[in-house]
Amino acid sequence: MGGFRLWPDSSAKQSQELQGANNIRYDLLMAGAVIASLPVIVLYLVAQRWVIEGISRSGLKG
C-alpha cells in the first residue's frame, strides 16, 4: 500500500492548496493576443488600398 493514506480532511486540504494553481494570467494572455494580431493589422493598413480596390472591382456590395 505504500505510505499513502486518505485522511478524511485531505481532499479539503488539497483543494485549498491547489486553489490558486490554475489561475489564468489574463494580462499575459491579452499581451500575447495583441502581439500576435499586430502583424495582421499592419499588413492590412499597408495593403488597404489594394484590398478596397479589389473589392470594388469584383462587384461585391456591402
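FYI, side chains are in, hydrogens and waters are out, and symmetry mates aren't considered; it's all heavy atoms of this structure. The model shown is predicted, which means the values in this text are computed figures rather than measured ones. All residue numbers refer to positions in the sequence shown, counting from 1.
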Original post:
Other than Val42, which residues form its hydrophobic cluster under the rule that side-chain heavy atoms must be closer than 4.5 Å?
Top reply: Val46
Identify each donor-acceptor pair in which a side-chain atom of residues 26-35 lies under 3.5 Å from a protein atom, sequence neighbours left out, and give them as a table.
from, atom 1, to, atom 2, distance (Å)
Asp27, OD1, Arg25, NE, 3.3
Asp27, OD2, Arg25, NH2, 3.0

Subject >> Ion pair check, Arg57 and Glu53, cut-off under 4.0 Å >> reply: yes
